[in-house]
Amino acid sequence: MNKREFVRTLGGASLAALFGEDLWAQVTAQEPAQIARDEAFWGRIRRQYVLKPDYINLEHGYYSMQSQPVLEAFIGHVREVNREASHYMRTRQFDDKNAVKSRVAQLAGVPAEELIVTRNTTESLDTVIAGFDWHAGDEAVMAAQDYGAMLDMFRLQARRHGMVNRVVSLPMDPQSDEEIVQLYEGAITPKTRLLMCCHMVNITGQILPVAKIADMAHRHGVQVMVDGAHAFGHLAFAIPDLRCDYYAASLHKWLGSPLGTGMLWVKRERIRDLWPVFADLSMADDDIRKLNHTGTHPVHTDLGLSDAIDFHLAIGIERKEARLRYLQRHWTDQVRGRPGIVLNTPADPARSCGIANVGVTSMAPAELARTLLERYRIWTVAIDGAGVRGARITPHVFITPAELDQLVRALGELTA
Ligand SMILES: Cc1ncc(COP(=O)(O)O)c(C=O)c1O
């Protein structure tokens with residue numbers, strides 16, 4: 001990003017003013033890997049957030065809080081929409097929403113005509129799963145480590161249409177991408193129509209070789225739907241790099257937008273065949289907006305999304321990715337291989353980023369998470385399923401190595 005872009009407005013306020021021109025000049029002179037460990041820089045970012053002093057929050061994977069500038073802009077939108085009420089809804093709403101959607105599409109590297117802003121990944125992926133034209137005997141492929149809501153939605157289609165779900169189980173430390181590709185390929189039959197895979201598995205942080213999975217599936221005539229709930233705003237990529245057919249994400253996770261913002265991208269030629277969950281017959285069958293008729297909804301969340309994009313761009317996705325990977329490796333490198341500790345995250349740095357999961361063999365996951373909070377004031381979430389037993393650790397970019405060292409100390413004491 002050049003300086004002019006950086007100085008672009010965030011709800012009217014200059015981003016240079018937010019971070020300081022000197023700091024910005026210093027930052028742009030450094031590579032992402034260098035800036036990842038520059039605590040002065042991340043300290044400045046941290047000041048843009050209001051944190052609770054009661055605990056160290058290592059559970060930003062559920063919902064990453066908005067920065068103060070984004071939150072204040074969002075509150076401004078709430079006030080403005082409320083003040084103008086139906087006049088706003090009948091006049092400016094749709095143009096504003098279109099402008100936001102175009103910005104999300106630009107960020108994702110896809111045409112705006114192939115993307116809709118939704119409430120979250122669940123709405124996005126369920127729109128595809130429920131909108132697919134299933135027939136009895138059709139098959140879908142997915143992994144046990146996929147998100148429960150989507151697995152349930154596939155189970156519902158099986159009950160309703162008599163389609164069949166084939167579920168693979170992902171190895172934690174594959175020898176190669178091909179091992180993962182072959183695992184999925186082994187579940188494909190001539191009846192398979194759709195394959196779902198995560199870009200980043202939420203319970204382990206494992207990054208999957210999505211483009212290679214998609215190429216393999218396409219050779220078999222199978223469409224590919226990617227759950228990018230945790231990857232968007234976390235990893236530097238453009239959706240076309242992944243060569244899939246559908247991509248969904250939650251923007252209130254790593255993009256830091258207001259709660260209740262997500263997106264769905266559908267490859268142009270796949271739009272026509274999807275049945276909308278909410279009917280809107282004013283839209284052509286090949287118009288993606290047919291999937292987005294969700295009625296009157298809090299439009300201010302969409303408006304706040306634009307401010308979140310500004311803030312996100314100011315930090316820069318390469319810097320964010322480098323910082324998140326650095327933080328994860330900072331603590332996992334200290335505990336991997338220690339007696340009594342199980343890391344439920346790939347050892348290969350390229351196969352994970354900010355998310356990791358740690359288990360203590362002598363403790364149930366719920367007990368570990370409870371003890372971390374009660375004894376060490378560290379907030380995490382227990383994961384106990386699909387072969388993964390531990391606490392998921394998801395630091396935000398502004399979490400410090402010193403805070404992660406407290407986790408390392410806690411794990412040391414719990415396994416002593
Ligand atoms: C991999 C994955 N998919 C989907 C979801 C659902 O996201 P949301 O609750 O924002 O719809 C999550 C939530 O954590 C997730 O981790």
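Owing to the predicted nature of the structure, the values given are computational and were not obtained by experimental measurement.
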Sort and list the pairs that fulfil side-chain hydrogen bond (donor to acceptor under 3.5 Å, both in side chains) and have at least one residue in residues 404-416, not counting sequence neighbours.
-> His330-Asp405, Gln334-Asp405, Tyr376-Glu413
Is there a ring-ring contact (aromatic ring centres under 6.0 Å, His included) between His60 and His396 once you walk through the steps?
-> CA-CA 6 Å; His60 291 277; His396 206 297; 5.0 Å; yes
Among side-chain atoms of Trp379 and Glu59, is any donor-acceptor pair under 3.5 angstrom?
-> no
Between the side chains of Lys253 and His234, does any donor sit under 3.5 Å from an acceptor?
-> no
Taking Asp287 for the side chain and Lys290 for the main chain, is one N or O donor matched with an acceptor at less than 3.5 Å?
-> no
Listed once per pair and sorted, the side-chain hydrogen bond (donor to acceptor under 3.5 Å, both in side chains) pairs that draw on residues 356-366, sequence neighbours left out = Asn344-Asn357
Across all chains, not counting sequence neighbours, the side chain to side chain contact (heavy atoms under 4.5 Å, CB included) partners of Arg79 are Ile75
Using only heavy-atom distances, determine whether the side chains of His77 and Asp302 contain a donor-acceptor pair under 3.5 Å.
-> no
Please determine if Arg377 and Asp54 form a salt bridge, counting it only when a charged side-chain N lies under 4.0 Å from a carboxylate O.
-> no
Using the test side chain to side chain contact (heavy atoms under 4.5 Å, CB included), find all partners of Arg46 that sit at least two apart in sequence or belong to another chain.
-> Leu51, Phe398, Thr400, Glu403
Any ion pair linking Glu367 and Arg370 (charged N to carboxylate O, less than 4.0 Å)?
-> no
Sequence-distant partners of Ser306, side chain to side chain contact (heavy atoms under 4.5 Å, CB included), two or more places apart | Val100, Arg103
Salt-bridge contact Glu39-Arg323 (side-chain N to carboxylate O under 4.0 Å) | yes
Can you find a side-chain donor-acceptor pair between Asp96 and Tyr88 that sits under 3.5 Å?
-> yes
Indicate yes or no: does Asp177 engage Arg351 in a salt bridge with an N to O separation below 4.0 Å.
-> yes
Inspect the contact between Arg193 and Glu139 and indicate whether a charged nitrogen and a carboxylate oxygen are less than 4.0 angstrom apart.
-> no
Do we see a donor-acceptor contact under 3.5 Å between the side chains of His252 and Gln66?
-> no
Go through the structure and list residues passing side chain to side chain contact (heavy atoms under 4.5 Å, CB included) with Glu113, not counting sequence neighbours.
-> Pro111, Arg268
Is there a donor-acceptor contact under 3.5 Å linking the side chains of Thr345 and Ser352?
-> no
